[in-house]
Structure formats: C-alpha cells, structure tokens
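Predicted model only: the values in this text are computed from it and were never measured. Labels below follow one simple rule: chain letters A, B, ... track the order of the sequence lines, proteins then strands, and each chain is numbered from 1.
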Amino acid sequence: MPVPEKPALEGLEDALSARWERDGTYRFDRSKPRDQVYAIDTPPPTVSGSLHVGHVFSYTHTDIVARFQRMRGKEVFYPMGWDDNGLPTERRVQNYFGVRCDPSLPYDPNFRLPDEADPSTGSGSPRAKSRGEKQPISVSRPNFIELCVKLTVEDEQLFEHLWRYLGLSVDWSMTYATIAPPAQRVSQMMFLRLLQKKLAYQVEAPTLWDVDFRTAVAQAELEDREQPGAYHRIHFSQAGGSGVVAIETTRPELIPACVALVAHPDDARYQSLFGTEVITPIFGVRVPVLAHALADPEKGSGIAMICTFGDTTDVTWWRELKLPVRAIVQPDGTLGRVTWGDRGWECADVARAQQAYDQLVGLSAKKAQVKVVELLRESGDLQGEPKPITHNVKFYEKGDRPLEIVTSRQWFFKTIDYRDQLIARGREIAWHPAYMQARYENWVNGLNGDWCVSRQRFFGVPFPVWYPLLADGTTDYHQPLVPAESRLPIDPSTDVPDGYTADQRGQPGGFIADPDVMDTWATSSVSPQLVSQWQTDADIFARTFPMDLRPQAHDIIRTWLFSSVVRAHFENDSVPWTHAAISGWVLDPDRKKMSKSKGNVVTPLGLLQEYGSDGVRYWAARGGPGVDTAFDVGQMKIGRKLAMKVLNVSKFVLAGEQPVGTVTEALDRGMLQNLANLVDEATEELSDYEYARALAKIESFFWDFCDNYVEAAKSRRYGDFGVDAAASASTAMRLALSVLLRLLAPYLSFVCEEVWSWSNAGSVHRAQWPTREDLIAVSGTDDAAQRSVFHLTEALNAIRKAKTDRKVSVGTPVREVIYFAGDEAARSLALVERDLKAACRADGLVLKTGEPRVEITLKPAEA
RNA sequence: GCGCGCUUGGCUCAGCGGUAGAGCACCGCCUUCACACGGCGGGGGUCGGAGGUUCGAAUCCUCCAGCGCGCACCA
C-alpha cells in the first residue's frame, strides 16, 4: 500500500476494526499448546448499565497486555462476556416488557407478549408504557430469562461496537452472557459438586437481611454508612431485688427481643450481677446477666443488652452463650405478632406486655423505636434524654435501609475453615501492583462466617435442587433431590426431579423446588471455568486453565476475585489464574471517583471520536497498575499529537524511493544501538505489566528520534553526501521506524497498524516483537558511534539555543558555527560532523576544545 | 484500632542511592521541502515535616502530619 499524500487519523477506527474482523487478526488458534497460550479472564460489563470512561480506562490496560503478549508469540485467549445477571437487568426487563417474574409458574414455551414486536427496535422506551398502567403480566422464571436475553442482545451490540472502536483485541467469536444456559450449567454443576463434597450446605440461621429487597446478603456485599442515632439509657430491674441495672442502647425497639445482658468478665462493677437475673422494662421478661469477653467496659455503661438480633455481635453472643431466640423483626422489616405468655415469651404481666407490644406490631423498626421510647418515658425506665450520636451502620451496598438480622434457611459455601488455604492461593498469584495482595489477605483474615450464596430473588441462576414433601405436607430439607449433571441446566420451578411426575409438585409425597437463586458472585465467580470450557471442551480447557490473567478493579477484590479463588480452589485444586492486574479508578478533577450515580461520567464514544481511540488509549496507558488516575482530556490531546507524529514521521521515512544499503554512518549505528537498549527496557517493563513505564520510555525515545536523529540525518538521507551515505540513513531509519511502530502498537493500535500497512503485509499486531538482536545485527556494537549520538544532540541543542538568543530561526542558514566542547566530545563529534553541520545549516562548522560554548557568525542581512 | 497507598514546579505525573525530570499551562522566537492537529528555545520546584543511616537521600530507616482506600469495631 503506497504512502498517502495527506495521511490522517480520521476514520482509522472503523476501517481497521473492520479489517481486523475480516482477517480474523485476533481469532484464537486452539491448536497452540498451553505454554504458548496467554488466557485472559475479562470482566463482563453489566449490559443494563452503561459503559463509562472508567471501563475504557481499565479495559485498555488489559488490551495493552494482550497485544504485547500476542506480539511476543503467545496465542492470546481473550473472550468477552456480558453480565446480564442481576438487579439492574431484572428491573429493566420488568419495565421494558411490563412483566413480573413469578417463579411458581411453569415455563410456557409458547409464551408471547400481547403486542409482541421486535424488541431490538428502539431502546429505553418501556413497552409497558404504551399499554398504559396495566398490571404487569406474570411469567415463569425461564420465560423471564428468555425476555432478558432478548433485551440484552441490543445492549451487547452497542457495547461490542464501542469495544471494537476502542480497539480491544478480543476474539469476538467467543462471547458469553452470565445468565445464558452455558453459564447456568457451569454454575449449577459446580454447585452440585460442592454439595457432594459437603462444601455447600444449607442451614437455618440468623443471616444479614435487606428488608427492602427481602433477601439475605453476604458479608462481601456490606458497606458501613455513617448514620445518626442515639444512646438510650434504660433501666432493667433486678429480679428479686430492688436495684436497677442501667444499660445503653441505640435500638430500644429491640427490648422485647432481649434475651440477656452481658458485661466483661473482669468488669468490677458487674461481678455481683453475673449469674443473676434482671427484668426487661415494659415487657417484664426475666433475662440472665452473663459475662463475655466481647463486652467492652469502655462502651456505654459497660453492660449491653443482647437481642435476637440487633447486630452481628448479638449473633456471636447468642451462639456462644447458647441463648434462646425471641425474634420480632420480620423479613419485611416490620415487627411481627407475638402472643405474650406463650412458650418463650413468658413474662411477669402478660396483659401489660401484650398491650404495649400490640402498639408496635406492623411498625418498621424506626417507627417502633419512637413508640418504645414513648412507653419507656411513661414507665419511667428511660433515664434522661437520648444522647444523639453518629455511628456506622451496616447496609447492603445496594440498599436504602440498615440491614436487619433475620433467621432464615440459606445455602452457604464453606470458607471459614479454609482461610489458610485461601491465603496460600493468594500467594500463588502474582499481583500487579504487588501491594494489592494485602487487601486480599485483609479480607480473608477478616471473614467472620461462611459465604451465604442464596438470594430470595427470582432472577438469577436457580439452585438445581428440589425437596421431597412428606406425607404430612412438610418439607424434608435433609434429603434434597438433585438432577444428574447431564440434565443441567435445569430450573426446578419448571423441571421435575427424576422419579417424580409434574403433577406431584407441591403434593404430599411429592416435591417442591428450592425457591432461591444464587448470589451474583456465586455465578460470576465461575467465569474462569466457563470461558475455559470446563466440562464442555476438555481440549480447550487444558490449553487455557488455569488462566494467565484476571484484570479487575480494586473494589471487587473481596467479591469477584476472592470468590473466584474459592471456586477454583475447591473445584480445580488450583488458582484460577496466575496473575491479577488490579486497575485503579478514574477520578474526576475534584479527585472523586467517577461513577454514574455521582452524575459525573463522560460518554466514552464521544471522547473516542473527538481525540481518536489512540489518543484515549494513550491517556489510559499512562495510568499504571492500581493507580487512580485523573480524567484528563489534556493527556488525550497529547496522545493524539503523538499519533499524528507517528503518521508524519512515517510519511517522511517511507515515502518515495529510498536507497537501501549497509548502515555505515556513526549516527545511524549509534541510534540503532540506543534503540536496542530501549527494546530491552520496554520488553522488561511490559513483561512485568508495567505498561505505563514502558510507554514513557518508548515515547521519550520516539520524540528524540524525530527531533534530533531524523533532523540530523535528513540532509544526508536526501542524498547531500552521496548515495551510500543516503542508503545508510534510509536503511537505519526504516529499521528504527519498524521497531518503534511495533513498540507503540500495543498503545496506539490504530495509527501503528495504518502506517505498518504502508510497507508491510499482514498486521503489526501479529508481527514479532522486536529484539535487541534485530538491531545489533545491523548496527554492530560501537561505543564511539553511540556516544556520538549523545554529543550530537547536546551540540544541536546548544546551537539551537544560540540561534534563539540571536533571535534568528533555527532554520536560518549561518556563515559559521564554532562549537567549543570537551576533549572527548569534540573527538566524538568528529564522527558525525557532516550531519551536525547540515543540521545547523552552517556554511562552516569548527569544533574546538574548551569550555562548552557556541559562537555563531550570521550571514550579512539580505536586502 | 490494624493495614495499604499517596504527598515532587500553577496542573497531571515520572524518577525510588550519585549534581532535580516530562507533558500541559505560561513567556519568547520560527509558516524550514514529514509534521502549524507543527517546530525551537526559556522562566519556574531547597522533592509534606522532623530526626537518622551514608562520602552522598526525592530515593533507605524512624517518628509525625495531611489526603485517599481497605479491614475490624460499632451497646
């Protein structure tokens, strides 16, 4: 392909991404053995969200690594996934189609929406609206998932277009969706195997619970939020005595759920109370006073009320002190009905307790608190006024109200007993940057319970489990019915366990389905097994697993990364990947994390169009592993400028007929040797995932190459000193450019490909990564030549400055330049004298030894 | 409370034992035959603070401060 007259960056993204697709440039060659494969476990973006500049940032980092590895000779396994499993998609499907999922319904293979049209026409306009405010249509879970897949196809196409435009070197023939059947199959199969190994278990226990979503949540999904509250000082009277015990609590509404008081065993103030009983205010329940080391003498009055359950410490006390349960908070967050006087609810004055408590039934915790405080005031059990404080309260990260602890039946994966093994796995992984490993270990060390994986939602991967119904209609949770692996994926709400018929569903002697779905991390944590074709293609699996790289952001170390390590540990007895590259966040100019909820995101496609994908890639590439990076269009402009420079210098080097020959000139040989050093440095940095450092070095060399080497060799290349000298220059220049294009290709993937195609067949992205030997073979090793490049640059800079001081253009021809330099420099410069003289446009150049300075004699002013 | 990271010119950052660097911004010069989506040059910082190690410290150690983050605690 000839060098264009007016090369331009515009249009490269569309043209080249189409060419890459046509040529299958990034297609995975599954014939390569494991040691020649580089496998990447790409994070699947959430399709119902939108891609923002943070995605562009971190996905570019991965792509740079992928391109480097590919050029180094690795066959890169680089699939892309779409995360459509979770609340955002669930809500979108509901609104868009006007449906509701009802997991009790069986699958309807002939289901059609009343006014079914093609959902791929037009986005964001909820179909439901056009039907007015009609009731949503109830559909089965499998039908709901079908609708989801239908809807997200459109998002996936938009996302894919953006990724192609950005230049991700993904193999687009390998994509997956986290709710689609293959993902369900792997999730369910791995679940069943954990169940068989007794690493998955079910238990009825107090669990963190979101009262709005009405589901259990896991420790990994918690976040602390600073909330206003108040200490209430409340009197408990001593049973059989006249004294009172004052406790402080932020949750007086839980007094009816109180099962004990607790103080530190060494606390002198309460020694005489241990082993005695006290009476709760208002409700008159006798509860013991106990000792436990977790009680903090410094906090409040040093003695705490244990309720079932106010917080996780209550759970610990309840478990360790073997206390009874008096649960009052219901799954919806309101206080449930209690019949005082019944077993477990014995109290001194049943009528009074009932009369008081009935006023609380149906109230939210917050409202109940107001009422209880009122009752305490009336009874005189509240001492003084509540003391306002702010304190951290646990929230579900997507929730709006504080978590409650509700007793319910949940599935768990074992983690607690395996902490040491999981930490050891973490040490088998190379972390980039290395200090991110500390986050992982912090998290694993801080685990305080097994991983709760069931969610009381309907959109997600169902547990492939049924339970027998006994003759009396009760459920036998101890003998779960599971399908053969060959049947997977299944949906127990529709499918029937072996040995049963569909009409036995819900009947005594029949079966019922497990109603829950898996936690989103319980399914996404199997992405390495899913993409590596575990149990579906043993050949691919053997060539890709354990994978090489997991790229992800640091906020999900405790979720996606941790859970993936857990799954691979138990299923494959290995790490899921050997490297974890943790990217930082994009910060807005106020140094805040950019996120959609903060309303400060920038639409990426517009940026890519304005600054060019190469410009944006350049900005992203400057943010090293783990480094939070400011959103900065200035850097994108610089990236674009760099891409322009590549275009222009390439035009100079490649355009026209140039003589080819032996590289003989000192300047050329020295430059190539310097370039050989750069190749080594860049290769080392990139091998170590330090793509930002590599870029800084390559970029610096490149500008020096353009501004000094090319300028100095230009005249000779034009033939001013004969054809052999010209051939030396043009041959060296072409080689250097070829090497520089390859070094820059992982970063400026479009412009490098464009320019490469002017003088090469095939893609630069499949070209071999340059080596020192390629260059030294041409330049030889010659210390003097190498030094001459340095001295020439020094001299050129000094002479340019001298011209500037004389207020003439650098291009101004001058009569004479006298350059004083050190002895060694003067000798070295003699090797490149012709080039230097031509570069400073002097009729005469005199090199002298002495204190470094420059003397210039201008030509007489032209009339 | 424990842990991690950051603190370098106006801005964004690199350097991590050997005389303070880059780009942007700013100022000046230059429309030179690859490039005005350009080129050349210039001013500008005692590298958060205090100690210490060393012939020598932005770079290593200790302590402190500010910012950010993780984990734990949260009666």
- [ ] In whole angstrom, give the distance that lies between atom CG of A:D296 and atom P of B:A75.
- [x] 11 Å
Task: A:S757 OG to A:L741 CG distance, which is reported to the nearest 0.5 Å - done: 10.0 Å
- [ ] For side chain to side chain contact (heavy atoms under 4.5 Å, CB included), just list the numbers for A:E397 and A:L222, CA-CA rounded to whole Å, side-chain angles, deciding distance to a tenth of an Å, and then say yes or no.
- [x] CA-CA 5 Å; A:E397 58 191 357; A:L222 303 186; over 6 Å; no
Open item on the list: Treating primed atoms plus P, OP1 and OP2 as sugar-phosphate and everything else as base, which nucleotides of nucleotides 17-27 of chain B get B, S or - for protein heavy atoms under 4.0 Å?
Closed with: ------SS---
- [ ] Check whether any side-chain nitrogen or oxygen of A:Q437 sits under 4.0 Å from OP1 or OP2 of B:G70, and answer yes or no.
- [x] no
- [ ] For RNA chain B, write out the stems as range with range, using runs of 3 or more consecutive Watson-Crick or G-U pairs with both distances under 3.5 Å.
- [x] B:1-7 with B:65-71, B:10-13 with B:21-24, B:26-30 with B:38-42, B:48-52 with B:60-64
Task: Separation of B:C74 P from A:Q227 CD (nearest whole Å) - done: 17 Å
- [ ] For nucleotides B:C30 and B:C67, find the distance between their P atoms and express it as a whole number of Å.
- [x] 49 Å
- [ ] Look at the rings of A:H292 and A:W317 and say which category their plane angle falls in: under 30° parallel, 30 to 60° tilted, over 60° perpendicular.
- [x] perpendicular
Open item on the list: Side chain of A:A630, heavy atoms from C-beta onward: which of B:C13, B:C40, B:C71 has the nearest atom to it?
Closed with: B:C13
- [ ] Have a look at A:R640 and say if it touches a base, only the backbone sugar-phosphate, or nothing, with a 4.0 Å heavy-atom cut-off.
- [x] base
Task: Separation between CH2 of A:W521 and CZ of A:F562, rounded to the nearest 0.5 Å - done: 13.0 Å
- [ ] Could you give the distance separating B:U19 and B:C13 at their C1' atoms, to the nearest angstrom?
- [x] 23 Å
- [ ] Examine B:C74: is either OP1 or OP2 under 4.0 Å from a nitrogen or oxygen in the side chain of A:T313? Give yes or no.
- [x] yes
Open item on the list: Side chain of A:N648 only, heavy atoms from C-beta on: which candidate in B:C30, B:C35, B:G41 is closest?
Closed with: B:C35
Task: Between C1' of B:A75 and CG of A:N392, the distance in whole Å - done: 15 Å
Task: A:D707, nearest nucleotide to its side chain (from B:G39, B:A75, B:G42) - done: B:G39
Open item on the list: Just to be sure I understand the rule, does A:A643 reach a base, reach only the sugar-phosphate, or reach nothing, if contact means heavy atoms closer than 4.0 Å?
Closed with: nothing
- [ ] Indicate, with a heavy-atom threshold strictly under 4.0 Å, whether A:E699 touches base, sugar-phosphate, or nothing.
- [x] nothing
- [ ] Please report, rounded to the nearest Å, how far the C1' atom of B:C74 is from the CD1 atom of A:I389.
- [x] 8 Å
Task: Closest nucleotide among B:C4, B:A75, B:G28 to the A:A438 side chain - done: B:C4
Open item on the list: Considering every strand and a 4.0 Å limit on heavy-atom distances, what is the contact class for A:Q219: base, sugar-phosphate, or nothing?
Closed with: sugar-phosphate
- [ ] Applying side chain to side chain donor-acceptor pair (under 3.5 Å) between A:Y618 and each of A:K637, A:E699, A:R640, report the one that passes.
- [x] A:E699
TODO: Please tell me which of A:V262 and A:A696 maps to the more 5' nucleotide of RNA chain B, matching each residue to the nucleotide holding its nearest heavy atom.
DONE: A:A696
Open item on the list: Base, sugar-phosphate or nothing for A:K807? Non-hydrogen atoms, less than 4.0 Å.
Closed with: sugar-phosphate
TODO: May I ask you to check whether A:Y396 and A:W209 place their ring centers less than 6.0 Å from one another?
DONE: no
Task: A:K366, A:K394, A:R251 screened by salt bridge (charged side-chain N to carboxylate O under 4.0 Å, His left out) with A:E404, the one that passes - done: A:R251
Open item on the list: Classify A:G811 by what it touches in the nucleic acid, base, sugar-phosphate, or nothing, heavy-atom distance under 4.0 Å.
Closed with: base
Task: Euclidean distance, atom CD of residue A:E226 to atom P of B:C73 [Å, nearest integer] - done: 16 Å
Open item on the list: I need the CG-C1' distance between A:N797 and B:G42, as an integer number of Å.
Closed with: 13 Å
- [ ] Find out whether A:Q552 and A:L561 are in side-chain contact, i.e. whether some heavy atom of one side chain is under 4.5 Å from a heavy atom of the other.
- [x] yes
Task: Of A:K651 and A:G302, the one whose closest RNA chain B nucleotide lies more 5' - done: A:K651
TODO: Please work out if A:K394 contacts a base, only the sugar-phosphate, or nothing of the nucleic acid, heavy-atom cut-off 4.0 Å.
DONE: base
Open item on the list: Distance check needed: B:C40 P versus A:R841 CZ, whole Å only.
Closed with: 15 Å
TODO: Check whether any side-chain heavy atom of A:S301 lies under 4.5 Å from a side-chain heavy atom of A:R233, and answer yes or no.
DONE: yes
Open item on the list: By nearest atom, which of the nucleotides B:G5, B:A75, B:C71 is closest to the A:W443 side chain?
Closed with: B:C71
Open item on the list: Closer than 3.5 angstrom, by distance alone: can the side chain of A:Q369 be matched with the main-chain N or O of A:T250 as a donor-acceptor pair?
Closed with: yes
TODO: Take atom CD of A:E711 and atom P of B:C30, then tell me their distance rounded to the nearest Å.
DONE: 18 Å
- [ ] Given ring-ring contact (aromatic ring centres under 6.0 Å, His included), test A:W619 with A:Y611 step by step and report yes or no.
- [x] CA-CA 10 Å; A:W619 159 75; A:Y611 301 103; over 10 Å; no
TODO: Identify whether any heavy atom of A:M644 sits under 4.0 Å from a base atom; if not, whether one sits that close to sugar-phosphate; answer base, sugar-phosphate or nothing.
DONE: base
Task: Among B:C37, B:A75, B:G41, the nucleotide that comes nearest once only the side chain of A:E10 is considered - done: B:C37
Open item on the list: Does A:K645 contact B:C35 through a side-chain donor or acceptor facing the base, at a distance under 3.5 Å?
Closed with: yes
- [ ] Report which part of the nucleic acid A:K803 touches: base, sugar-phosphate, or nothing (heavy-atom distance under 4.0 Å, all strands).
- [x] nothing
TODO: Between B:G48 and B:C11, how far apart are the P atoms? Round to whole Å, please.
DONE: 14 Å
Open item on the list: I want to check one thing: is the phosphate of B:A72, taken as OP1 and OP2, less than 4.0 Å away from some side-chain N or O of A:N445?
Closed with: no
Task: Euclidean distance for C1', B:G21 against B:C47 (whole angstrom) - done: 11 Å
Task: Qualifying residues under ring pair (Phe, Tyr, Trp, His ring centres under 6.0 Å), relative to A:Y819, sequence neighbours excluded - done: none
Task: Separation of the P atoms in B:C60 and B:G18, to the nearest angstrom - done: 11 Å
- [ ] Respond yes when some side-chain nitrogen or oxygen of A:R693 is under 4.0 Å from OP1 or OP2 of B:G15, and no when none is.
- [x] yes
Open item on the list: It should be established whether A:R558 places a side-chain nitrogen or oxygen under 4.0 Å from OP1 or OP2 of nucleotide B:C71.
Closed with: yes
Task: Touch class at under 4.0 angstrom, heavy-atom based, for A:W619 against every strand present - done: nothing
Task: Pairwise P distance for B:U46 and B:U8, with rounding to whole Å - done: 13 Å
Open item on the list: Regarding A:L737, tell me which of base, sugar-phosphate or nothing describes its non-hydrogen contacts under 4.0 Å with the strands shown.
Closed with: nothing
Task: Face-on cation placement of A:R717 at A:F652 ring, 6.0 Å and 45° thresholds - done: yes
Open item on the list: Can you check the distance between B:G42 and B:A50, where both ends of the measurement are the C1' atom (answer in whole Å)?
Closed with: 36 Å
Open item on the list: If you define the side chain from C-beta out and look only at heavy atoms, does anything of A:L208 sit under 4.5 Å from A:I405?
Closed with: yes
- [ ] Report which part of the nucleic acid A:V649 touches: base, sugar-phosphate, or nothing (heavy-atom distance under 4.0 Å, all strands).
- [x] base
Task: Side-chain donor/acceptor contact of A:D224 with base of B:C74 under 3.5 Å - done: yes
